[in-house]
Amino acid sequence: QVQLVESGGGSVQPGESLRLSCRASGSSISAYAMGWYRQAPGKQRELVSRIMNDLSTNYAHSVKGRFTISRANAQNTVYLQMNSLKPEDTAVYYCNRFGRNFDWGQGTQVTVSS
């Protein structure tokens, strides 16, 4: 029932920033832990960050200190602020419920290159 649409990706140079948005529709996601995931070419999908319904957060070691996850329950939206981007951050980024996943959305492409 919940549908997820990611947006905000693009092509940037190393050191620049992007803000990704994950808009949910069909049902409220305020009660769920939510996560941002990414999948680079030839690699498996990995969890980047998660946020609980009490707003506590967790980050993969590779992005800690550079990325910030947040949520706005009134907008049924989860965000990922990405600073100091590196080429190894290049991937398709997805959001989803953490644990019991909903259907995956299309994702949004992030490309970091000079």
Side-chain angles (χ1 to χ4, degrees):
Q1 186 178 6
V2 174
Q3 294 177 299
L4 302 167
V5 179
E6 301 92 347
S7 62
S11 182
V12 298
Q13 296 187 118
E16 295 184 340
S17 299
L18 286 170
R19 190 193 193 209
L20 308 184
S21 297
C22 171
R23 299 177 184 269
S25 61
S27 185
S28 174
I29 60 169
S30 64
Y32 305 137
M34 297 293 294
W36 279 98
Y37 303 77
R38 67 186 181 188
Q39 187 168 26
K43 296 184 178 180
Q44 294 188 359
R45 181 181 288 118
E46 65 172 339
L47 178 67
V48 175
S49 181
R50 64 180 178 182
I51 184 166
M52 314 305 290
N53 61 0
D54 67 358
L55 305 185
S56 63
T57 58
N58 297 88
Y59 299 91
H61 178 74
S62 60
V63 307
K64 190 170 296 183
R66 300 189 297 120
F67 292 8
T68 303
I69 191 170
S70 61
R71 66 196 303 168
N73 290 338
Q75 286 72 47
N76 218 29
T77 299
V78 182
Y79 302 97
L80 186 68
Q81 178 66 46
M82 309 165 66
N83 297 329
S84 302
L85 283 162
K86 303 175 179 180
E88 50 263 48
D89 295 319
T90 296
V92 178
Y93 284 71
Y94 303 87
C95 65
N96 213 323
R97 181 179 179 179
F98 178 79
R100 186 177 178 182
N101 294 151
F102 300 122
D103 288 345
W104 296 92
Q106 292 294 111
T108 185
Q109 176 72 52
V110 172
T111 302
V112 185
S113 65
S114 59

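Along the sequence shown, residues carry numbers from 1. Basis for what follows: all heavy atoms, side chains included, without hydrogens, waters or symmetry-related copies.
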Tell me the closest heavy-atom pair linking [X] and [Y], and the distance in Å.
X	Y	result
Gly8	Thr108	N-OG1, 3.9 Å
Gly9	Val110	CA-CG2, 4.2 Å
Glu6	Tyr93	CG-O, 3.9 Å
Ala91	Gln109	O-NE2, 3.4 Å
Ser114	Pro14	N-CD, 3.9 Å

Side-chain touch [X]/[Y], heavy atoms, less than 4.5 angstrom:
X	Y	answer
Arg97	Val2	no
Val63	Trp36	no
Leu4	Met34	yes
Leu55	Arg71	yes
Arg38	Glu46	yes
Glu88	Val112	no

Next on the checklist: I'd like to know whether Tyr59 forms a side chain to side chain contact (heavy atoms under 4.5 Å, CB included) with Ile69, so could you lay out the CA-CA distance, the side-chain angles of the two residues, the decisive distance to 0.1 Å, and finally the verdict.
Outcome noted: CA-CA 9 Å; Tyr59 299 91; Ile69 191 170; 3.6 Å; yes
Next on the checklist: According to ring pair (Phe, Tyr, Trp, His ring centres under 6.0 Å), who are the partners of Tyr94, at least two apart in sequence or on a separate chain?
Outcome noted: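 Scan of Tyr94 (ring pair (Phe, Tyr, Trp, His ring centres under 6.0 Å), adjacent residues dropped) gives Trp104.
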Next on the checklist: Taking ring pair (Phe, Tyr, Trp, His ring centres under 6.0 Å) as the definition, give me every residue that meets it alongside Tyr32, ordered by chain and number, with sequence neighbours left out.
Outcome noted: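 Ring pair (Phe, Tyr, Trp, His ring centres under 6.0 Å) list for Tyr32, sorted by chain: Phe102.
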Under a 3.5 Å distance rule, please check whether [X] uses its side chain to pair with a backbone N or O of [Y] as donor and acceptor.
X	Y	result
Asn76	Ser27	yes
Ser30	Ser28	no
Thr57	Ile51	no
Asn58	Arg50	no

Any chance you could measure [X], atom [atom1], to [Y], atom [atom2], to the nearest 0.5 Å?
X	Y	atom1	atom2	result
Leu20	Gln81	CG	CD	8.5 Å
Glu16	Ser11	CD	OG	9.0 Å
Asn53	Ile29	CG	CD1	11.0 Å
Ser84	Phe67	OG	CZ	9.0 Å
Cys22	Gln75	SG	CD	13.5 Å
Asn101	Arg45	CG	CZ	8.0 Å

Checklist entry - More than 12 foreign heavy atoms under 6.0 Å from CZ of Arg23: is that the case here? => result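 It does not: Arg23 CZ has 12 such atoms or fewer within range.
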Checklist entry - Does one hydrophobic cluster hold both Val12 and Val92, with members joined at side-chain heavy-atom distances below 4.5 Å? => result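 No, separate clusters.
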